[in-house]
Amino acid sequence: MVEKTTQSAAPPAQNSGKWNVPTGRRTDEWSQALVSVGESQDRAAFTRFFRHFAPLIKAFALSGSSLSATHADELVQEVMLKVWQKAGGFNPEKAAASTWVYTIARNCRTDMFRRLQKFDTPLASDDFELESEEEESFIVLHTRRGSERVRELMGELPPDQAQILAKVYMEGKSHSEAAAELDLPLGTVKSRVRLAIQKLQALMEA
Amino acid sequence: MVKHHPPADFLTEYAAGVLPMAQSACVAAHLSYCQRCRHIVERLEDIGGAHFEQLDPQPVGDSMLDRVLARLDDPEPLRYARSEASDDRLPGLLDRLINGDYADLAWKRVTQSLSISYLKTGDLEHEFALYRIAEGGKIPEHTHGGSEMTLVLSGGFSDESGEYHPGDFIVREGWDKHTPVALEGEECICLAVLDAPLRFTRLRHRWLNPLIKLNAG
Ligand SMILES: [Zn+2]
């Protein structure tokens, strides 16, 4: 295993016009860090990972301004602890590190909302995880290319479609909540999402 | 081979984590049968990942890093293990809600060939129920106001628009009329998730669907 000595993590891109493609060096560094955490409980790698991702998790918690600063901090800690515990299950061939962290943050945020609303359920988001199975290598390759293409596509979407995807994914708004906030008919929101997804499917099949 | 899948809207809302609990559980159960939709969801999650890495980072102090580092050796929370009596073919999350065997559930007999068992997900806006239809049994023609998701768990049924087998996912909106009939040879068990219109939520445990009224005469 390659030991990373460099601490020179590039600052996160601020330019929203630039979407990272996971073959890029920077993203590979995070996959590598996650693998080190999973394989050898590497605290230095975890610390690097924390310094990069904790500020993004906090931004995620605060987008949609539905969580208080205290709860946002709590969420950052919960997500980072899960990152430590689950890193062994991360497969760099299958997922980009940022997507992997996003799914953990998404689940923790959903669970936190439910706790705050005293939602009484026997299920936690972790129960929704599927038992992982071996995948054929051609599917894995397909997966990686697909992941790269999704990021390329994000840079090409018209602003009205991009805005709704951001509301749904980052602010955790359902299609009908997004419609109410943007003062648009539900049908318009759904068709913009559908158009974006159709482009995505066309790209994946190309 | 699964032939009927959730529409892209649902998969997108699922990947974004914004589907209500009961619907989300139904979609997740479909994913455990369907590799096609698992791959689509992975790509839809990449949309989340791509947005996530572009967020404007918010400052996080070193004291929080220290707190997290201090907790790394805490024991992990216990994960749920499948119960002994569970059916291996059943999606894990349904297994958890059913917690044993179909036979142990409380079944309400609605007609000669249909029984229903309600499962608690905590979602107050949606009914989450198992339907058990005797082989060849009919469900009387029914309509209801909201949307209805159905996932076949075992056996199968047919209606005006096709035939459905385990893993198949069907959505109906609004006032569609349909008359499902279970296939011959095996009883059919389906998971059904229904919008529970607000006016009914206080009576949640009594299903005030026209079907019941019709049956209760
Ligand atoms: Zn499917």
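Naming convention: chains lettered A, B, ... in sequence-line order (proteins, then strands); numbering from 1 in each chain.
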Which answer fits [X], side chain, backbone, both or neither, if we ask what part of it has an atom under 4.5 Å from a heavy atom of chain B?
X: A/T103; answer: side chain
X: A/A162; answer: backbone
X: A/V168; answer: both
X: A/I197; answer: side chain

I want to check something: taking the side chain as every heavy atom from C-beta on, are [X] and [Y] in contact at a cut-off of under 4.5 Å?
X: A/Y169; Y: B/T12; value: yes
X: A/F46; Y: B/V68; value: yes
X: A/F50; Y: B/L69; value: no
X: B/D9; Y: A/R194; value: yes
X: B/Q54; Y: A/M154; value: no
X: A/R149; Y: B/R43; value: no
X: A/V101; Y: B/E53; value: no
X: A/F119; Y: B/M21; value: yes

May I ask you to name which of [options] has the most heavy-atom pairs under 4.5 Å with chain B?
options: A/T110, A/I57, A/N107; answer: A/I57
options: A/K58, A/E78, A/K82; answer: A/K58
options: A/R43, A/K190, A/R109; answer: A/R43

Smallest separation among heavy atoms of [X] and [Y], with atom names:
X: B/G49; Y: A/S98; answer: O-OG, 3.7 Å
X: A/A59; Y: B/L55; answer: CB-CB, 3.9 Å
X: A/P122; Y: B/L97; answer: CG-CD2, 3.6 Å

Notebook entry, point to check: For A/R151 and B/D46, what are the C-alpha separation, side-chain angles and deciding distance, and is it a side-chain contact (heavy atoms from CB on, under 4.5 Å)?
Noted result: CA-CA 8 Å; A/R151 282 165 173 79; B/D46 274 319; 3.2 Å; yes
Q.
Using modelled atom types and a 3.5 Å cut-off, is there a donor and acceptor pairing between side-chain atoms of B/K120 and backbone atoms of A/D120?
A. yes
Under 3.5 Å donor-acceptor, B/E13 side chain and A/H175 backbone: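 Yes, because the side chain of B/E13 sits within donor-acceptor range (under 3.5 Å) of the backbone of A/H175.
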Using 0.5 Å steps for rounding, measure from the [atom1] atom of [X] to the [atom2] atom of [Y].
X: A/F53; Y: B/F52; atom1: CZ; atom2: CZ; result: 6.5 Å
X: B/H51; Y: A/L165; atom1: NE2; atom2: CG; result: 5.5 Å
X: B/D56; Y: A/S63; atom1: CG; atom2: OG; result: 11.0 Å

Query - salt bridge (Lys or Arg N to Asp or Glu O under 4.0 Å) evaluation trace for B/D62 with A/R51 - result: CA-CA 9 Å; B/D62 269 354; A/R51 290 193 201 280; 2.7 Å; yes
Output, in order, the C-alpha distance, side-chain angles, deciding distance and verdict of side-chain contact (heavy atoms from CB on, under 4.5 Å) for B/M64 and A/M80. CA-CA 10 Å; B/M64 196 189 301; A/M80 289 308 302; over 6 Å; no
So, the part of B/A15 with a heavy atom under 4.5 Å from chain A: the answer is both
Please flag which part of B/L44 lies under 4.5 Å from any non-hydrogen atom of chain A: side chain, backbone, both or neither.
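Backbone plus side chain of B/L44, per the 4.5 Å heavy-atom cut-off to chain A.
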Check step by step if side-chain contact (heavy atoms from CB on, under 4.5 Å) holds for B/L72 and A/L81.
CA-CA 7 Å; B/L72 293 186; A/L81 280 170; 3.9 Å; yes
